[in-house]
Student: 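Pasting in a structure now, in structure tokens, and then I'll have a few things to ask.
Proteins come first, then strands; the chains are lettered A, B, ... in the order of their sequence lines, and each starts at number 1.
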There are 2 protein chains.
Amino acid sequence: MAVTMRDVAKAAGVSPASVSFALRGDPRIKQETARHIIDVANRMNYSVNITAKSLRSGRTGVIEAAVFQLDRPFYAQLLAGVSNAAFDRGIQAVAQQISTGKVGHEKSILEKVANKFCDGVILSAGGLSDAEIIELSRGKPVVLLDDQSYQGPFDSVFTPCENGAEAAVTHLFEIGCERVGLVGTDFMPADQARRSMHVGDRRLIGCHRAFERHERTLTKADTIQLFDWDTDDAYRAVSRRIEEGDFPFDGLFCMTDAIAFGTLRALREHGIGVPDDVAVIGFDGVREGSYSAPTLSTIAVDIDKLAREAVDILCERIEEGRYGAPAMPKHVTVGYEVLVRESSNRTR
Amino acid sequence: MAVTMRDVAKAAGVSPASVSFALRGDPRIKQETARHIIDVANRMNYSVNITAKSLRSGRTGVIEAAVFQLDRPFYAQLLAGVSNAAFDRGIQAVAQQISTGKVGHEKSILEKVANKFCDGVILSAGGLSDAEIIELSRGKPVVLLDDQSYQGPFDSVFTPCENGAEAAVTHLFEIGCERVGLVGTDFMPADQARRSMHVGDRRLIGCHRAFERHERTLTKADTIQLFDWDTDDAYRAVSRRIEEGDFPFDGLFCMTDAIAFGTLRALREHGIGVPDDVAVIGFDGVREGSYSAPTLSTIAVDIDKLAREAVDILCERIEEGRYGAPAMPKHVTVGYEVLVRESSNRTR
DNA sequence: TTGAAAGCGCTAACAC
DNA sequence: GTGTTAGCGCTTTCAA
């Protein structure tokens with residue numbers, strides 16, 4: 001078996017406690033002794049058993065970020081940001097996938113999310129109720145990403161759904177689009193959307209606002225619904241609409257960049273020019289957008305900030321030793337930038 | 001604090017041991033008692049403390065996949081595959097990022113990779129020596145991804161570097177390319193490449209073979225070097241070569257799809273038509289390739305198989321209770337498919 | 001069929 | 001300054 005603290009203590013001729021203190025740089029131990037102990041430990045290739053350490057101390061120094069799919073660019077970039085932020089704070093971040101892609105699997109993975117080997121969780125939990133989240137977190141701090149309940153009981157970080165969407169649609173109107181369509185949202189009236197707090201619905205609110213400002217009314221006919229917010233789905237849905245001849249749009253706001261990529265492909269395959277026939281803008285600002293053809297205009301969310309905020313809040317709660325939902329939950333929304341690239345650039 | 005097994009035992013009027021057995025469905029406990037215990041546990045919202053459990057049992061039920069960057073599509077898709085494979089086996093997989101993107105950070109993160117909270121590690125460790133890997137793994141099973149030492153002492157899964165690259169270059173010759181260039185590899189003669197076992201060099205070996213078969217000689221002039229295997233770097237390097245007028249190619253094999261995306265952009269911005277002026281093929285088969293414009297021909301690696309093999313081997317070693325490098329390391333190379341899409345389709 | 005008790009390797013009072 | 005000791009919450013003999 002691996003070498004334990006006892007072994008090191010014996011070899012160094014001290015007690016296990018001294019080894020523990022020395023290794024963690026506790027000033028109680030004399031410099032000289034400490035150095036000797038560390039030396040012996042290194043020579044024996046000792047490393048602490050994190051399991052035992054955290055059983056005793058109640059901390060693991062690990063935070064977990066749980067998202068539906070590791071292989072969606074937005075999540076992947078967010079996770080990279082979380083890892084970097086954690087690194088800067090000297091803690092370890094791990095990522096976990098919640099979904100298997102197949103329906104019905106979510107829950108059983110989620111049950112493992114809240115396992116005790118991490119000190120806290122950043123969770124993209126779309127669709128879970130507050131009660132479920134509380135149950136799953138089992139007393140550990142949680143920071144939600146784009147939490148549905150918005151002003152709910154949990155610490156949360158948000159993408160700038162309403163303002164970002166409003167800016168996107170406004171941009172399309174400003175470059176001269178007359179018929180703006182939305183890809184990836186179910187239509188509902190503004191007041192209903194204001195009650196629902198799904199990400200898609202929150203972005204829809206922004207769209208409603210932009211339409212109103214430009215003295216138009218957003219209707220169901222202006223939306224292209226998707227089952228799933230992914231590239232394939234968007235490709236199929238947009239293709240179908242074009243083929244059905246039900247495609248009067250000269251501007252499209254896609255709820256995510258992934259959706260936009262599928263949309264661009266559908267347009268291209270049907271000989272529709274971007275941006276001249278149809279201008280396209282996405283939402284997220286994933287790096288891939290600068291490599292698509294045409295390059296993708298987008299509401300570039302400050303993904304790195306989002307990650308840092310989430311880690312900061314989580315670490316704070318862990319420090320506080322809080323359990324369960326915090327008394328005063330924090331709600332942070334990060335900024336965005338309207339990134340105009342080829343897909344909506346009509347000035348040239 | 002959270003509810004412990006003791007609490008449950010007390011509430012159910014049994015001993016902690018019985019709770020432990022009942023919860024894990026040990027047949028020793030009478031059906032009726034077990035049901036009662038489970039009932040009480042649920043009512044109390046009990047969940048086992050995985051830290052204590054694994055201190056005692058020596059297992060955590062968690063495997064870790066450590067890669068350089070979470071936000072590179074190939075890794076992201078591999079990690080998703082690892083998660084799914086682990087899920088199917090009833091264990092938990094977490095992903096960890098090794099690099100922060102900044103140089104010099106790798107090592108200190110790596111030191112945490114081998115922390116004791118997981119039973120084994122799938123590691124994409126490019127650049128580490130065998131000794132370092134052994135030290136880092138600290139007695140836990142490791143499966144390497146595209147291990148440099150190839151026939152080395154570790155269990156490893158490999159992408160089909162040589163054959164895949166040979167197939168890629170052969171494809172370019174077959175569609176009529178006269179001047180095939182390689183993006184993302186440092187030139188070296190075939191025999192030298194055969195000694196180096198970097199992924200790039202192994203792919204280069206396949207290129208050498210394809211050139212020989214077609215009675216050509218691969219030289220340094222046929223390669224475009226990159227510092228980093230990423231999209232931005234490829235974009236810059238290819239752009240520079242075009243601008244310098246040092247770009248005689250009519251076919252390009254990019255060492256990864258990510259490189260190919262940057263290459264496509266550079267070609268497009270310089271008005272070079274793909275596939276007519278230059279045919280392009282990548283390597284990996286990431287999903288993004290079917291959404292680029294033009295869509296990307298590629299050596300589509302069976303990423304899912306790669307993930308499953310890695311998980312299978314790792315779980316086997318964990319079962320065996322092996323420590324350190326295995327006596328008979330397994331080396332598995334997965335298959336590929338030459339996926340001809342628009343970027344190299346000259347038949348239309 | 002169940003309970004008592006001995007640790008897994010570590011940390012943190014408290015003694016010396 | 002350093003050692004002793006009592007657990008952290010669980011699993012697993014062994015005894016009842």
Student: If each of B:Leu55 and A:Gly13 is mapped to the nucleotide of DNA chain D with the nearest heavy atom, which maps nearer the 5' terminus, i.e. the 5' end?
Tutor: A:Gly13

Student: For a quick check of understanding: with a heavy-atom distance under 4.0 Å over all strands, which category does B:Thr33 fall into, base, sugar-phosphate or nothing?
Tutor: sugar-phosphate

Student: Nearest to the A:Ser15 side chain among C:dC8, C:dC10, D:dT4, which nucleotide is it?
Tutor: D:dT4

Student: Enumerate the residue pairs fulfilling salt bridge (Lys or Arg N to Asp or Glu O under 4.0 Å) with a member in residues 36-56 of chain A, sequence neighbours excluded, ordered by first and then second residue.
Tutor: A:Asp39-A:Arg43

Student: Expressed in angstrom and rounded to an integer, what is the separation of B:Phe117 atom CZ from D:dC10 atom P?
Tutor: 20 Å

Student: Can you sort out which residues in residues 17-30 of chain A have a heavy atom within less than 4.0 Å of DNA chain C? Ascending by number, please.
Tutor: A:Ala17, A:Ser20, A:Phe21, A:Arg24

Student: Among residues at least two apart in sequence or on other chains, which ones pass salt bridge (Lys or Arg N to Asp or Glu O under 4.0 Å) with A:Asp302?
Tutor: none

Student: Ignoring hydrogens and geometry beyond distance, is a side-chain donor-acceptor pair present between A:Gln97 and A:Asp71 at under 3.5 Å?
Tutor: no

Student: Which residues satisfy the side chain to side chain contact (heavy atoms under 4.5 Å, CB included) test with B:Arg35, sequence neighbours excluded?
Tutor: B:Gln31

Student: Check the distance between D:dT2's C1' and A:Gln31's CD and give it to me in whole angstrom.
Tutor: 16 Å

Student: Does A:Asp119 use its side chain to pair, donor to acceptor, with the backbone of A:Gly61 at less than 3.5 Å?
Tutor: yes

Student: Starting from C1' on D:dT11, measure out to CD1 on B:Ile37 and report it in whole angstrom.
Tutor: 15 Å

Student: Please give, in whole Å, the distance from D:dT5 P to A:Arg56 CZ?
Tutor: 16 Å

Student: For B:Arg6 and D:dT11, what is the distance between atoms CZ and P respectively, to the nearest whole Å?
Tutor: 14 Å

Student: C:dC8 phosphate, OP1 or OP2: any side-chain N/O from B:Ser57 under 4.0 angstrom?
Tutor: no

Student: To the nearest Å, give me how far apart CG (A:Asn49) and C1' (C:dT11) are.
Tutor: 13 Å

Student: Could you work out, with side chain to side chain contact (heavy atoms under 4.5 Å, CB included) as the rule, every residue matching A:Asp26, not counting sequence neighbours?
Tutor: A:Phe21, A:Arg28

Student: Would you mind reading off the distance between A:Met5 atom CE and C:dG7 atom P, rounded to a whole angstrom?
Tutor: 18 Å

Student: For A:Asp7, check side chain to side chain contact (heavy atoms under 4.5 Å, CB included) against everything at least two apart and list the hits.
Tutor: A:Val3, A:Thr4, A:Met44

Student: For residues 74-83 of chain A, which residue pairs qualify under salt bridge (Lys or Arg N to Asp or Glu O under 4.0 Å), counting only residues two or more places apart or in two chains?
Tutor: none

Student: Which residues pass the salt bridge (Lys or Arg N to Asp or Glu O under 4.0 Å) test with B:Lys30, not counting sequence neighbours?
Tutor: none

Student: Atom CZ of A:Arg59 and atom C1' of D:dG9: how far apart are they, to the nearest Å?
Tutor: 18 Å

Student: Just need the stems in DNA chain C: three or more back-to-back Watson-Crick or G-U pairs, each with both distances under 3.5 angstrom, sorted by first number.
Tutor: C:1-16 with D:1-16

